[in-house]
Amino acid sequence: MTQPVSPPRDSTDKVPQARPPAWRGLPARADVRTLSLLGVLAALIIVGGITKPDEFLDTRNLQLVLTQASVVGVVTVGMTFVIISGGIDLSVGAIVALASVWATTVATQEYGFAGILFTAVIVGVGCGLVNGVLIAYGAMVPFIATLAMLASARGLALQITDGKTQIVTVPSVLDLGERDAYILGIPPLVLVFAVVTVIGWLVLNRTTFGRRTVAVGGNPEAARLAGIDVRRQRLYLYLLSGLCCGIAAFLLIVLSGSGQNTNGNLYELDAIAAAIIGGTLLTGGRGTITGSVLGVLIFFTITNIFALNNLQSDVQQIAKGAIIVAAVLVQRRTASTT
């Protein structure tokens, strides 16, 4: 018995096409966000140039803005990694304070430049280690663990200094803040910030560590099933945040020539806000180093414009708060449409 033969398929028949994966649109969206941030930064520069052309566009003022942004910028790079992983670090400002005062004690300064740098970095990494262990292996909520570190580090910094300013007397450290140390007109602190930014970008976008960070932030359980040690990854991320705090503490020592228990005040808010403005999701799973760095530059440009126009600090804080709210609203709208 012959089987019925089906008629040949017409070449004009529509064949259902597979829907492209959602991740293919991420680079385009990232480019749009980056261009938008660049547009905002350019607009701010124009505003500064119009309101205070002689002062804002002065080379020394621009160098000052970049130098001040460098300290918070280094902290923001570490914070971006933590937030992408779905965590948070409220202790970065306190860690910077503790590292800066520990590195500027009389005993530490006896070891010179290397002793100050080594101490600042080790204290930062040590605090990051404590945060990482409590969160990754102690199953503590990041908010609570880092809040406890904030209080403890601030208290220890106050105890070390007894409320006094510790003056740096090591010439090789102080010389880095002088104009004679500038390379092609660029302050050394800005160069360090640039190096940290480039390394952070490469690690996030070109290494397995970066892919694991995004995976842990996007879906920790799926990351675990894929063979990623989620707890160890989170430990590494808080170590990275602590390392960035240690580097920032050294930069702050060079910038101020001293160590104080009040150093790093509100750095955690500035770093989180810069990361959010740059497109990093507080829920984790998405973020860019480039966007975070642009967020830092936007914040410090606004602060500089306000200062040059003699606007009070409370107005600056209100403006920052409004920018943060606007950035979060934009994030929610973008997330609902994707």
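Computed from heavy atoms alone, side chains included, the values below leave out hydrogens, waters and symmetry copies.
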Side-chain heavy atoms of Ile289 within contact of Thr197, under 4.5 Å: yes
Between Gly264 and Glu268, the two heavy atoms sitting closest are O-OE1, 4.1 Å
Assess whether atom CZ of Phe113 is packed by more than 12 heavy atoms of other residues, nucleotides or ligands within 6.0 Å. yes
Shared ILVMFWY cluster between Phe118 and Val125, side chains joined below 4.5 angstrom? no
Using modelled atom types only, decide if a donor and an acceptor are shared between the side chain of Thr207 and the backbone of Gly210 within a distance under 3.5 Å. yes
According to salt bridge (charged side-chain N to carboxylate O under 4.0 Å, His left out), does anything in residues 200-221 pair up with another residue at least two apart or in another chain? List the pairs. Glu221-Arg224
Please say whether more than 12 non-hydrogen atoms of neighbouring residues, nucleotides or ligands are located less than 6.0 Å from CZ in Arg60. no
Looking at Leu281, Leu237, Val214, Val216, which hits side chain to side chain contact (heavy atoms under 4.5 Å, CB included) with Ile84? Val214
Could you pull out every donor-acceptor pair under 3.5 Å between side chains of residues 240-249 and any protein atom, sequence neighbours left out?
from, atom 1, to, atom 2, distance (Å)
Ser241, OG, Asp89, OD2, 3.0

Is there a donor in the side chain of Gln233 and an acceptor in the side chain of Ser85, or the other way round, less than 3.5 Å apart? no
When every non-hydrogen atom of Tyr238 is compared with those of Pro142, the smallest separation belongs to OH-CB, 3.4 Å
Pairwise side-chain contact, Leu252 with Tyr267, heavy-atom cut-off 4.5 Å (strictly under): yes
Does OH belonging to Tyr182 count more than 12 external heavy atoms closer than 6.0 Å? yes
Hydrophobic clustering (ILVMFWY, side-chain heavy atoms < 4.5 Å, transitive) - are Leu174 and Ile167 grouped together? no
Testing the basics here: between Leu44 and Ile305, what is the closest heavy-atom pair and its distance to 0.1 Å? O-CD1, 3.2 Å
Joint hydrophobic cluster, Ile298 plus Ile318, side-chain heavy atoms closer than 4.5 Å: no
Flag the pair Asp54 / Asp58 as yes when at least one side-chain heavy-atom distance between them is below 4.5 Å, and no otherwise. no
Would the distance check show the side chain of Gln109 and the main-chain N or O of Thr104 forming a donor-acceptor pair, the cut-off being under 3.5 Å? yes
Anything under 30° is parallel, anything over 60° is perpendicular, the rest tilted; go ahead and classify Phe209 against Phe81. tilted
Taking a hydrophobic cluster as the set of Ile, Leu, Val, Met, Phe, Trp and Tyr residues connected by side-chain heavy atoms closer than 4.5 Å, whether directly or through intermediates, do Ile272 and Met149 fall within one such cluster? yes
What is the minimum heavy-atom distance between Ala136 and Leu235, and which atoms define it? CB-N, 4.1 Å
Minimum side-chain heavy-atom gap Thr280-Thr288 below 4.5 Å: no
For Phe299 versus Ile277, what's the shortest heavy-atom pair and its separation? CZ-CD1, 3.6 Å
Working to the nearest 0.5 angstrom, can you tell me the gap between Ile228 CD1 and Arg234 CZ? 11.0 Å
Taking Val96 as the starting point, is it possible to reach Val293 by hopping between hydrophobic residues whose side chains are less than 4.5 Å apart? yes
Any donor-acceptor pair under 3.5 Å from Asn304 side chain to Phe300 backbone: no
Hey, are the side chains of Ile95 and Asn131 touching, using non-hydrogen atoms and a 4.5 Å cut-off? yes
Could you check whether Ser292 and Thr80, counting side-chain N and O atoms only, form a donor-acceptor pair closer than 3.5 Å? yes
State, yes or no, whether a side-chain contact exists between Thr105 and Val101 at a heavy-atom distance under 4.5 Å. no
Using every non-hydrogen atom in the two residues, find where Gly278 and Leu37 come nearest and quote the distance to one decimal. CA-CD1, 3.8 Å
Identify all side-chain donor-acceptor contacts of residues 68-77 below 3.5 Å with residues at least two apart in sequence or on another chain.
from, atom 1, to, atom 2, distance (Å)
Ser70, OG, Leu66, O, 2.6
Thr76, OG1, Val72, O, 2.8

Any donor-acceptor pair under 3.5 Å linking the side chain of Thr146 with the backbone of Leu90? yes
If you define the side chain from C-beta out and look only at heavy atoms, does anything of Ile160 sit under 4.5 Å from Asn261? no
Could you tell me whether the side chain of Val47 reaches within less than 4.5 Å of the side chain of Phe56, counting heavy atoms only? no
